[in-house]
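Every chain is numbered from 1, with letters handed out A, B, ... down the list of sequences.
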Amino acid sequence: MNIVEQTEQKIKDEIVEAVVKAELATEDQIPEVVLETPKEKAHGDYATNMAMQLARIAKKAPRQIADDIVANFDQSKASIKNIEIAGPGFINFFLDSTYLTELIPTILKDQQEYGKGNAGNGEKIQIEFVSANPTGTLHLGHARGAVFGDSLANIMEKAGYDVQREYYINDAGNQMNNLAKSVEARYMQALGQTDFEMPEDGYHGKDIVELGEKMAKEYGDKWANESEEARVEFCRQYGLDFLLDRIKKDLEDYRVPFDEWFSESSLYEEGKVQQALDYLKEQGYLYEKDGAVWFRTTDFNDDKDRVLIKKDGNYTYLTPDIAYHQNKFERGFDTLINVWGADHHGYIPRMKAAIEALGYNAKQLEISIIQMVNLIQGGEIVKMSKRTGKAVTMVELAEEVGLDAVRYFFVMRSNDTHLDFDMDLATSESNENPVYYVQYAHARICSMLRQAKEKGLEPSEDADLTLIQSEKEIDLLKRLGEFPQVIGDSAVKRTPHRVTQYIYDLASDLHSFYNAEKVINDDQLELSKARLALIEAVRITLSNAMKLIGVHAPEKM
RNA sequence: GUCCCAGUAGCUCAGCAGGAUAGAGCAACAGCCUUCUAAGCUGUGGGUCGGGAGUUCGAAUCUCUCCUGGGACACCA
């Protein structure tokens with residue numbers, strides 16, 4: 001806990017103490033203490049609504065209760081300067097802010113570690129995200145999910161969760177047959193058999209055409225002369241290898257690493273799918289109807305039952321997915337987070353039903369839904385890529401606006417609102433662009449530090465930090481102190497955009513401070529040293545926060 | 001028809017395990033560079049929190065209902 005968290009804890013403890021001493025309620029009657037930072041500075045540094053919450057229990061008017069609490073409150077415990085009662089019964093605490101300067105040595109010492117917390121308490125979490133079928137190139141929609149999942153993983157790790165990042169490779173099932181046939185067709189076409197037909201549900205994208213041409217160049221007509229079966233089989237592997245490699249590369253370029261690339265076909269090889277089916281059957285959740293095998297998901301709040309084995313004997317896509325999730329739990333995760341596109345939300349009830357049928361709690365599977373992205377250029381929605389006429393790819397987007405902007409914009413907004421991605425804004429080098437705004441704050445600090453160094457000044461915790469006391473400085477310190485709690489909150493609520501918002505706020509405080517106070521001042525050497533330590537603490541915090549969302553913190557702009 | 005997400009300032013969005021006068025950016029208007037990067041700062045104006053009802057000391061936040069926009073509703077993945 002940093003000094004801010006400690007102080008808040010002390011105040012909370014004291015409130016409970018005071019309530020008990022005033023005989024307003026017994027300790028186990030007291031609701032959880034809510035200590036908030038009021039929007040209005042006139043309402044103090046902290047406020048609690050305890051008096052209102054106790055009105056019913058103590059059977060007294062809130063303002064009377066507030067009086068009793070304050071009368072029994074030991075002000076000497078925290079750095080409290082003054083306590084006021086206001087409004088319907090709020091108790092407002094005014095603190096002597098000098099204690100906040102203790103944050104500076106803490107941050108300078110912690111460096112990259114600053115912000116770490118234990119909200120997650122070591123809970124084992126798996127985040128599965130992107131997991132696009134290896135039948136093509138990653139597109140715009142995948143990009144938001146990739147950035148969301150990666151940022152969330154970073155934040156949860158920082159908040160004390162034990163996080164594993166996983167990509168599920170759908171390398172079995174019908175879509176792979178389609179891919180194999182599509183590659184085959186494009187290969188044969190590349191060899192001159194222009195009338196070789198694409199499968200009905202084939203992948204008509206330009207990427208598969210290129211893939212066929214590449215194969216023709218590498219192998220000539222070798223596979224044209226093999227049996228169809230052998231040729232299709234080769235095409236399947238060739239296509240999969242190529243497309244998966246490209247997916248991996250695209251994600252790497254987006255600064256999105258994975259711990260595990262989990263293959264669907266490995267579930268079949270290890271008999272996991274059959275085992276899952278056997279298990280469900282033993283539990284009595286399966287039945288036959290119309291020649292198919294059904295799973296009674298309606299026992300678990302789904303609107304209708306689902307087919308697991310089709311009339312033709314093939315599995316539906318739900319079947320290996322059940323085995324997959326069973327396998328995830330067998331690997332020891334407490335909670336699974338799946339990041340899905342909005343078009344899959346209808347799939348949630350049946351997946352949760354499966355989790356329960358497998359003997360786990362539906363709450364152990366969380367689904368984060370990523371809403372649609374609209375690209376906006378020149379005030380209009382960009383429907384298709386100019387280059388290919390197809391959906392805009394992940395790579396194209398990053399080439400167009402820069403990766404920092406892409407990452408920032410994707411975690412700037414809540415994942416469950418539709419996102420209008422304004423490409424003109426993302427590329428504009430002006431104060432309208434929030435990416436530049438926050439990066440500029442970091443570069444500005446670095447610039448000051450460079451100039452100080454030329455004068456022989458380095459940030460150090462040995463500076464006289466009691467000189468830090470102007471309003472803008474205190475605002476900065478308060479903001480720095482919030483950081484671990486922002487991370488904890490963002491992690492617990494699975495809302496990475498809160499961190500982005502924090503970054504913006506901290507940058508804003510820094511710019512405001514910069515314009516109000518001079519850091520390097522030859523006439524006030526001691527103050528300069530103290531402020532250098534302060535801005536170094538800001539730099540460290542900014543840099544740590546930006547790293548969580550995968551945006552670079554430049555030293556110069 | 002059923003389900004999910006959204007509806008908050010002119011625009012894009014925060015806030016939604018109930019709290020004080022609903023916030024930020026952009027746009028508009030008025031200022032700030034002999035001073036560490038003006039990619040910055042300061043100030044002003046701007047709101048029936050989609051409509052209605054309910055729960056209570058108190059609702060943008062919880063419940064119900066209706067309206068609007070988007071998406072999903074396969075023995076496809």
Upstream residue (5' side of RNA chain B) when A/N49 and A/Q175 are each assigned their closest nucleotide
A/N49
Using a cutoff of under 3.5 Å, can you pull out all pairs of nitrogen or oxygen atoms linking the protein to nucleotides 56-64 of chain B, with atom names and distances?
from  : atom 1 : to    : atom 2 : distance (Å)
B/C57 : OP1    : A/R56 : NH2    : 3.4

For A/A441, which contact category applies under a 4.0 Å heavy-atom criterion: base, sugar-phosphate, or nothing?
nothing
Does the ring center of A/F94 lie less than 6.0 Å from the ring center of A/Y46?
no
Spacing of the P atoms in B/C73 and B/C29 (rounded, Å):
48 Å
Do A/Y161 and A/N121 meet the criterion of a side-chain donor-acceptor pair at a distance under 3.5 Å?
no
So what does A/D312 hit on the nucleic acid, given a heavy-atom distance under 4.0 Å: a base, only sugar-phosphate, or nothing?
nothing
We want to know whether A/H418 and A/R413 form a side-chain donor-acceptor pair, criterion being a heavy-atom distance below 3.5 angstrom.
no
Considering just the side-chain nitrogens and oxygens of A/R531, establish if one lies under 4.0 Å of OP1 or OP2 belonging to B/C36.
no
Take A/V519 and A/F90, find for each the nucleotide of RNA chain B with the closest heavy atom, and name the residue whose nucleotide sits nearer the 5' end.
A/F90
Test A/R144 against A/F421 for side chain to side chain contact (heavy atoms under 4.5 Å, CB included), laying out the working first.
CA-CA 11 Å; A/R144 189 179 186 191; A/F421 192 116; over 6 Å; no
Nearest-angstrom distance, P atom, B/A14 to B/U34
40 Å
Using the P atom on both, measure B/G51 against B/U2 and round to a whole Å.
23 Å
Please encode protein proximity along nucleotides 7-16 of chain B as a string of B, S and -, counting only heavy-atom distances under 4.0 Å.
-----BSSSS
Within the 4.0 Å heavy-atom criterion, would you say A/A292 contacts the bases, only the backbone, or no part of the nucleic acid?
base
When you check the phosphate oxygens OP1 and OP2 of B/A74, does a side-chain N or O of A/T316 lie under 4.0 Å from one of them?
no
Hey, does A/A516 reach any base, or is it just sugar-phosphate, or nothing, if we go heavy atoms under 4.0 Å?
nothing
Just checking A/A452: base, sugar-phosphate only, or nothing, at a heavy-atom cut-off of under 4.0 Å?
nothing
Return yes when atom CD of A/E555 has more than 12 non-hydrogen atoms of other residues, nucleotides or ligands closer than 6.0 Å, and no otherwise.
no
Counting only heavy atoms from other residues, nucleotides and ligands, does the tally under 6.0 Å from NZ of A/K181 exceed 12?
no
Residue-phosphate contact under 4.0 Å: A/Y514 side-chain N/O, B/C32 OP1/OP2
no
Quantified in whole Å, what is the C1' atom distance between nucleotide B/C49 and nucleotide B/A9?
10 Å
For residues A/H344 and A/N338, is any side-chain donor paired with an opposing acceptor at under 3.5 Å?
no
Ring centres within less than 5.5 Å and planes less than 30° apart: is that true of A/H344 and B/A72 in this structure?
no
Taking any heavy-atom pair under 4.0 Å as a contact, classify A/H345: base, sugar-phosphate, or nothing.
base
Report which part of the nucleic acid A/E32 touches: base, sugar-phosphate, or nothing (heavy-atom distance under 4.0 Å, all strands).
nothing
When you check the gap from the basic side-chain N to the acidic O, do A/E473 and A/R531 get nearer than 4.0 Å?
yes
